Structure formats: C-alpha cells, structure tokens
Amino acid sequence: MSIRTRFAPSPTGMLHIGGVRTALFSWLYARRHGGVFILRVEDTDRERSTEEATRVILDGMQWLGLTADEGPYFQSQRMDRYREVIERFLSEGLAYRCYCTKEELEAMRNAQLAAKQKPRYDGTCRQRSAPRPGVDPVVRFKNPLDGVVVVEDAIHGRIAFANAELDDLIIARSDGSPTYNFCVVVDDLDMRVTHVIRGDDHLNNTPRQINMLQALGATPPVYAHVPMILGADGAKLSKRHGAVSVLQYREEGYLPEALLNYLVRLGWSHGDQEIFTLEEMIQKFDIADVNKSASAFNPEKLLWLNQQHIMRATPEYLAGQLKPHLEALGVEVTDLARLAAVAKAQQERAKTLKEMARNSVFFFAEVTEYEEKAAKKNLTTESAAALGAVREKLAALETWAAPAIHEAISQVAAELGTGLGKVAQPVRVAVSGGSISPPIDVTLEILGRDTVLERLTRAMDWIARATPNKG
RNA sequence: GCUCCCAUCGUCUAGAGGCCUAGGACACAGCCCUCUCAAGGCUGCGACGAGGGUUCGAAUCCCUCUGGGAGCGCCA
C-alpha cells in the first residue's frame, strides 16, 4: 500500500515555523516513499478561524514548495459526513447524548481539582434514558472503562495509556457541530492516511483517537509525534521570538530552500551534514532519524544557512528572487541579465536577499549622496588625483571588462607609488556612494563605462566643492 | 494535582557498550588571506543534569531523583 501523509493546520493562528517543520517532515516522508501528501485545513471552529490565516497556510506552503498531492480539503465542507458518523456512533451505542450543563461540568471540574484529582467527565449521562428538557445535549464517545491503549509511535516507541485515565470526550457540541478529535479520526480514516506525523503536543490525544478508530473497526495509522520547536530563549514559541507568519521570512529575504534546510535539521540529522538541497532531503529523510527532544530556534544559524544557499544558487535563480526586494526599495529592474550579473557579484556577500538588495541599489539608481564616513576618508584632495588618473585610463580602455579594468587600476596605484587600496577604495565610494561593494573591477564592469566615468567626474567635483580653499 | 513525554558544548547535533582524550555546525575570540564587505583557511573557548546499579568496560542499558515540556475545553 502506498504511503499517505497529511498536514492538518488550523487557521485559528498564523502558520509559523513549528507547523512548517511538521509539514516538511510529512511532505518529505511522502516524497521519499513515492507516496501522497495531503493538505487539510482544520477549520471546524468557525468562530476563530480567519481567512487571513487560511491564506497564509496556502501561500506559505506554495512559497516553500510543499505542494499537496491532494487537497486542500476543508473540514468546514465535510460537516454532512461528520454528522453521518456521529449518527452511526449513536445508533451503534458507541456514543451517547449528555445533558449535563456547563455549570454542572464546571462544578464537577472544580471539585475534582480541589480533591487533587485529574479533572474528567464522570459519565453520569451514560445511564440516562430520557432527554432532559431545556438542555441541548452534546454527544460523548463511550471510552472503554478499563484496559490500556498502546500507541506504537515511530519516534517515541511504545507508549501505554490506561483507559481509566481517559474520559468520555465530546464529539459533537450542543449545536451539533463536530469537535476536533472526532474530525481528525473521521478524516484520517476517510483519506486513508497511513502515517500521522504531527507535533508531540498531540501525543495525549492519540489514545482517544485510537479508541474511536477501534470502535469503528478500523486499524490505526502509524503515528510519529515530532518534538516541538522552542523559541530562541528556550521558552515556548510565541509571537516574541519566532511564531510569526512564515511569510515573514519571505519578506525578510530568506530563500525557501534555506528555511527548509534549517527546519529539517531541527530534530533530524544525517551524520554531520549541515547543508542539504531539497533532493538530498528527500533522499535522506527518515522518521527513524528524528529526535525525541524539543529544540530551540536559532536565528543566527538560519541566517548562515541562508547565506550558504545564496552562495550556491545560480545567478539567474537569484535574480528572480532578488527582484521583488529591489522593487520594494523603489528600484525598477528591466534588464534581467544585468540583474543576474549583480546577483552573481553579490552572492557571497549577503546573508539575506533583503540585504543584497540594499547593497545593490547603486547598480540601478543614481548615487545622490555619499556615506559621510566613507566620503570623509576616501573622497579627499589626495584621492582626487587617483580618481582623475583612473578616469583617464578607463576612458581609454579598449575592452570594458573586469581584467582590463583591474589592470588599469593597478597601474594607477603603481604610478602613484601607493597600494591598490588607496586607489580602489576612493573609486568604490565614488561609484557606489559607500564603502562596500563587490570587487572593484567587477563592480565597474557591471556599472558600465558611461556610468563609471560620470560618477568619477561627479566625485571629483564633489571633492573640489567640499574643499574650496585648498586648491 | 494527575497522566504522558523529554534530558550531550550557549544553540543545532554526531554518538545504537569498548572506535570518545566525546566529533561536526552556528555563535564568540585570535590569526592568515585581502582593494572594501564578504567568502575561505587555521587555532582557541565550550557539553554527556545528579545519584545508584548492570558490566571486565557506560554518554550509550536499568532504577531513583532533579530539571524542562505537553495534555487534562462544547480550542485545534
């Protein structure tokens, strides 16, 4: 039988990296085994589900390339099916209507807590034969009263729960709507899910779900409860440290494959390997190699990996990724070949696309002012001579290419009896406006002769104006 | 409180009884390379939570403790 995995996020909160990693593991596992990956949106709580959160799930999965082979299914569109199964539970005596009021339940709960007991429903309505006027009943599943449920977890191994610890959970609310644990069981069964890979915060739900499955005469799927991701401070992931929408990472200039690479290494490893292409992940991922313990999110390492992936990417691909970030800075890019040249020149000097864009603006827009510190140090009367000499040599160059440009600048340095830095750095400030750029020859080549000559002239003018009496 | 889970450098991890003087990566510090910024190279710093067993031998197996986490909703 072919493997079928699913990712079942709830649109009651933003899809964050914790969810993404679970999705990744499920996706990887399905891909690795030539199986099917299903996306299912768990939106039974219509009150708290938002359209925006649903959008983030869909857009986020698409951005990351975690494409679903089936779905997205929406639980909100399967209500008839749930009602049908609830009826079946009722008619087969697997469930019963409970007329206890919320107040009564609350009182029961408080009493149990006060007696230092685990709060749970006492099963009062199991015996009830007649409806109670004025109360809309909920439906509860009749959990076995004794015995143990064994979860054979692919990550944790065998875990046993005593049925005596479990109570009769509500499967339908008083308005008739089905609840989470029930919907999961019905869906996983209907969708023929073979491997349930999810966060280990669901571990405690598993015995109930297995009981329901068994009541329906079904065989439980393989469960794999992956450890949680903690914030950078080791505390639970929250808005403060990283529980932001995945799309935030796109905005900040992360490559999808870098984020995936970072996430796959959280709780999973393959020897000492740190950098994985998507294909390698698919090839090497296995649930058996997933850790049991929670791991903390480390933004620095993500940044490093992003840089590593940027360095390994092709300039053309990078250009496409970089474009929106330049546009966000108000730079229109029409020449994609030129953009690729820029990306190539920049790819080992940026940790994010956003940073790369920021440092690349001067390739596309006029230099309107010089960074103060850089100008003060490099655009001086002394360097004006170097700039002039460079300008002259460059203007006379036969071929406009990096090697020739490099040669010209070296010559100027030699003629002036100074180091290359004394010449290259003023030129850098003149053409880029600041002190940071790719190697000067490459930078000038991409910029083009006309632009370079113009910017050199402009810098010399600027020097003359800035030091009027020295002349 | 009860149930369940977890435990190697600050962080991510390797480690399935001898290969461990515990390896790699991020971060940090120093050095090298160098036209800036990076990248890269080298070096350093730095961990098996504690106590008991089992064994000729334990980071690895067992127990207890401690610490952390999750669940106990007409949320998912």
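Source: prediction; values computed, not measured. Here is how names work: the chains are called A, B, and so on, in the same order as the sequence lines, proteins then strands, and each is numbered from 1.
In this structure, the nucleotide among G73(B), U36(B), U13(B) sitting nearest to the side chain of N291(A) is U13(B). Here C4(B) is the nucleotide among C4(B), C37(B), A70(B) with the atom lying nearest to any side-chain atom of L203(A). Each of A76(B), A70(B), C74(B) was ranked by its minimum atom distance to the side chain of N204(A); first place goes to A70(B).
For A401(A), the side-chain contact (heavy atoms from CB on, under 4.5 Å) partners at least two apart in sequence or on another chain are P403(A), E445(A). By the side-chain contact (heavy atoms from CB on, under 4.5 Å) test, A95(A) is found to be paired with F89(A), L90(A), V139(A), I171(A), residues two or more places apart in sequence or in another chain being considered.
Evaluation of atom-type donor-acceptor distances gives a pair under 3.5 Å for the side chain of R428(A) against the base of C35(B). Side-chain to base pairing of T179(A) with C74(B): no donor and acceptor N or O lie closer than 3.5 Å to each other. If you check distances only, the side chain of E274(A) does reach the base of G24(B) with a donor-acceptor pair under 3.5 Å.
Listed pair N205(A) / C72(B) fails the phosphate criterion, with no side-chain N or O lying under 4.0 Å from OP1 or OP2. OP1 or OP2 of A39(B) lies within a sub-4.0 Å distance of a side-chain N or O belonging to K351(A). Applying the 4.0 Å criterion to OP1 and OP2 of G71(B), one finds that H202(A) has every side-chain N and O outside that range. Taking side-chain N and O atoms only, S177(A) has no distance below 4.0 Å to OP1 or OP2 of C74(B). An OP1 or OP2 oxygen of U36(B) is reached within less than 4.0 angstrom by no side-chain nitrogen or oxygen of S432(A). An OP1 or OP2 oxygen of G73(B) is reached within less than 4.0 angstrom by a side-chain nitrogen or oxygen of R109(A). In this structure, S437(A) does not reach the C37(B) phosphate: none of its side-chain N or O atoms is under 4.0 Å from OP1 or OP2. The side chain of Q307(A) contributes no N or O atom lying less than 4.0 Å from OP1 or OP2 of C37(B).
Distance noted for atom C1' between C63(B) and A58(B): 15 Å (whole Å). Taking atom C1' on both nucleotides, A14(B) is separated from U60(B) by 13 Å, rounded to a whole Å. Nucleotides A39(B) and U34(B), compared at atom C1', are 11 Å apart to the nearest Å. Rounded to a whole angstrom, the distance from the P atom of C61(B) to that of A7(B) is 10 Å. Distance noted for atom P between A22(B) and G18(B): 15 Å (whole Å). Taking the C1' atom of each, G68(B) and G73(B) are spaced 25 Å apart, rounded to whole Å. When the C1' atom is compared between C48(B) and G15(B), the two are found 10 Å apart, to the nearest whole Å. Of the P atoms belonging to G53(B) and G17(B), the separation is 23 Å, rounded to the nearest Å.
Distance CG (L230(A)) to P (C12(B)): 8 Å, rounded to an integer number of Å.
With salt bridges taken as basic N to acidic carboxylate O contacts below 4.0 Å, one links R158(A) and E152(A). Under 4.0 Å is where a charged nitrogen must lie from a carboxylate oxygen, and between E371(A) and K373(A) no such pair does. The residues D122(A) and R109(A) are annotated as not salt-bridged, no charged nitrogen and carboxylate oxygen being separated by less than 4.0 angstrom.
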Distances under 3.5 Å only, N/O to N/O: pair up the protein atoms with those of nucleotides 19-21 of chain B.
none

